[in-house]
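Each remark here refers to the structure printed beneath this line.
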Amino acid sequence: MLRRVRGSWRTGRNGRVRAVRRRGGAIWDRFAASDPGLLRLTAGVRTVSAIALTLVVLVMFDSDVTYMVAGAMTAMTATFAVKDTLVRDQAITLALGLPVALAATSLGAFLTSQVVLGDLFFVALIFGAVYCRRFGERGTALGLVGFQIYFLSLFVGAAAATLPTLYGTLALGFACSAVVRFAVVPETPRRVLTRLRDAFRTRLAQLVSMQIQMLDADPGQLEKVLDDMRRRTARLHEAALMIQGRLEEGTKDADKAALLQRRVAEAEIATERLGMLLLNARSAERADTLTLHLPNAPVPVTGDWRPAEDDATIALRRDLAALQLLVRPSGDEGTAVAHIRNRLLGYREEERLPAASPALQDAFRGIGEAARSVLGLRLALDGPQDESDDSPATTRSREEFDAEDIALATSDEAGEDDRTGLRRPTTRAAFQVSVGSVLAIIGGELLSSQRWYWAVLTCWVVFLNTASTGEILVKGYRRLIGTVLGAVAGVALAGVVGGHTWLAFALVLVFIFAMFFTAPLSYAVMSFFVTAMLGLLYTLLNSYSFDVLVLRIEETAIGAACGVVAAVLVLPVHTDRRTDELLGTVLDRLGDVASAAVEQLSGGAAADLLGKARDLDTALDELRASTTPLTYPITPLRGRRQTVRYLVALLETCAYQARSLAATAELLPHSRTIAADPRLHRAGRRIAHNISVLAAHVEDEAAGGEVRSGASIASTLRDDGSGTPAAGTVTSRVLRHLQRLDEGVVGLARPLNVPVADRQPAAKSAIG
């Protein structure tokens, strides 16, 4: 009896332990998916660790609080400034940064009493720091180190008598940063890429899970589920782009890097397409999937909005759950997983599809293509697997992948920027920030002869990673909001901390971690933590007062205003002009992808379609970022904001359809089940013409030409009397994408004010 009780207790305990582990694993998966590659977590932990190590060593030498602050800020600067990918390059940049920091400190100490000469040097230093960005990551890092350490010398009141001790403190900060970077929290390109792969798999599984929820959602919950699905689709795309950005350094073999890029793109497109097919199957009346992605688009609820509960629908839910199981990595596949994979890959064969409506059959085909993409992703990530349990369908899929691997060619390197002189972005920004800094010095001196450098710092910061006047205005506004809220928090914290030095340092470390962890998410939140941290530092230096934090807000406002004035008056890049330039680039890339894909689908020469699709994604991301000032909540032009959001959403849909065409075209040279269709060449002419008309109109408003609209793509294919394409042909697979791309391109004509047939344009700006 006692043995049974003990056995039952152990079983219950083991079950609870497994449940806790599963729950903890699920939480960690969600966190890893929210921070792909754990890049933000690593940046925060590394910076905090470097600062903590510096403080510990300084305490051992019984250093003054002033030098502890200087050492902490030096370690922080040395850690976040170095962005080189390769470990060797990081070490070189870090070694070069120390003499730059020592020189900046020396000049700051000797010029502190020479007001005019010191200000002139500060402006020259700012110009050089921005101009050095043209030399890549190392130039950017050294310029940042020079500026930040010179600012540090002003912050701690460096003087000639204190230079020897400051030199030792700076050297210690760099040394601790190196120890943490290379020993405590090491990060290699291959390790980062591995974590990004895991995050991509997790996000892929999360998207499939959301698709299952969408299939079963009640009509009242459908809007929320679709919003979540759009958000997770965007996060999956973000992870795919991050992987592509790390492939070159994280994978020594260039062919393997290109292969992995291809497999990631295929998995992303196949899963995204599956969601659209499920949405069609979800609606008894076939939802308008062209407009569901648009801002504030209503969800059409017609009919039952549920497929009938028949055998095919039950099998669909079962196979979606099985697909989710395939996505997640496992150490040992086993016979059960191989059986599931074989069943799902069988849906690529027409004879294996269940008897159901055309919409449901399309969904099963989508599951088959998604399963194929997951298989390709596993082969690229994990290498060869046991093939003893393969079905004929799985064997054919592996053979297709083998053929692709043999034919895979290394992608060409990207061309360099050929802009020179004042047309070069770094040169233009250097002149702009220099003029803004002069204005900030004058305005800051009028407010305070001791804290004027806060205005210069704000002017410097608002120019980082911005490319137009509107972006600078938005960034300055965000910094001001974060500074005001941080100042309020600093007032409260200073009263709590009082004379507790170590409590203040502990809170500083917490705020620094939060600053780096939230930086990519919200600039206003990051500014909040920066200002709150500075309030604590002032407390440690015994220079805290309410007036100081009010002055901080005033200097921030002056600096932001000076930055905007300089951006408007000195070599300005207006938001409209920049967005129009990027819009033209997106349309050109879209035309390249669509034309090359249709050419290959028609039997033409093969091309690097997924490489072209990657260029399209990059251009679209740049356009999306550049339109932020036009879509920001404080913009007074409400109608324009909605137009820009509508335009970007339409471009995202067109890009998705073009990527899907490219992914299908990539299958043709190696597939035994589908063949090219020469009729598609004729079907793609109208799309290519319309894209070229749109691009020409964006470049020159006076350009002629009209967008053609008319009969559907399917009807143009039937003009030769061949009838509707049979299921299983390449035409049937891409017809929907061609149709949606054609409709999307024609839809772009209205927000761009391009005439369609006899319509006339009615506005001036391409994007306004």
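Atoms considered below: every heavy atom in the structure, side chains included; atoms not considered: hydrogens, waters and symmetry mates.
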Inspect the contact between Glu187 and Arg195 and indicate whether a charged nitrogen and a carboxylate oxygen are less than 4.0 angstrom apart. yes
Does the pair Asp621/Arg624 count as a salt bridge with the N-to-O cut at 4.0 Å?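 The answer is yes: the pair qualifies as a salt bridge.
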Do you know the tightest heavy-atom contact between [X] and [Y]?
X: Leu142; Y: Thr93; answer: CD2-O, 4.0 Å
X: Ala504; Y: Leu536; answer: O-CD1, 4.1 Å
X: Leu53; Y: Cys176; answer: CG-SG, 3.7 Å

Do the side chains of [Y] and [X] get nearer than 4.5 Å, heavy atoms only?
X: Arg552; Y: Arg451; value: no
X: Leu152; Y: Leu170; value: yes
X: Arg190; Y: Leu193; value: no
X: Thr79; Y: Phe516; value: no
X: Leu39; Y: Met242; value: yes
X: Phe174; Y: Thr54; value: no
X: Leu569; Y: Val435; value: no
X: Phe463; Y: Ile126; value: no

Under the salt bridge (Lys or Arg N to Asp or Glu O under 4.0 Å) rule, what do Arg230 and Asp227 come out as? Steps first, then yes or no, please. CA-CA 5 Å; Arg230 296 184 190 108; Asp227 286 341; 2.5 Å; yes
Under 30°, 30 to 60°, or over 60°: which ring-plane class applies to Tyr150 and Phe122, parallel, tilted or perpendicular?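 It falls in the tilted class, 30° to 60°.
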Parallel, tilted or perpendicular: which one describes the rings of Trp460 and Phe147, with boundaries at 30° and 60°? parallel
Is the NZ atom of Lys83 crowded by more than 12 outside heavy atoms at less than 6.0 Å? yes
Side chain [X], main chain [Y], donor-acceptor under 3.5 Å:
X: Gln432; Y: Val570; result: yes
X: Arg133; Y: Gly143; result: no
X: Ser448; Y: Gly444; result: no
X: Ser49; Y: Arg46; result: no
X: Arg232; Y: Gln206; result: yes
X: Glu137; Y: Asp84; result: no
X: Arg478; Y: Ala524; result: no
X: Ser177; Y: Gly173; result: no
X: Thr483; Y: Arg479; result: yes
X: Arg138; Y: Asp89; result: yes

Please round to the nearest 0.5 Å and tell me the distance separating atom OG of Ser106 and atom CG of Leu102.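 So the gap between those two atoms works out to 6.5 Å.
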Say you draw a straight line from CZ of Phe155 to CE of Met73; how long is it, rounded to the nearest 0.5 Å? 5.5 Å
Run the side-chain contact (heavy atoms from CB on, under 4.5 Å) check on Arg578 and Thr627 step by step: do they pass? CA-CA 9 Å; Arg578 173 165 170 77; Thr627 58; over 6 Å; no
Compute the ring centroids of Tyr67 and Phe61, then answer whether they are less than 6.0 Å apart. no
Quick one, Phe513 with Thr47, criterion side-chain contact (heavy atoms from CB on, under 4.5 Å). Give me CA distance, side-chain angles, the key distance, then yes/no. CA-CA 7 Å; Phe513 176 83; Thr47 306; over 6 Å; no
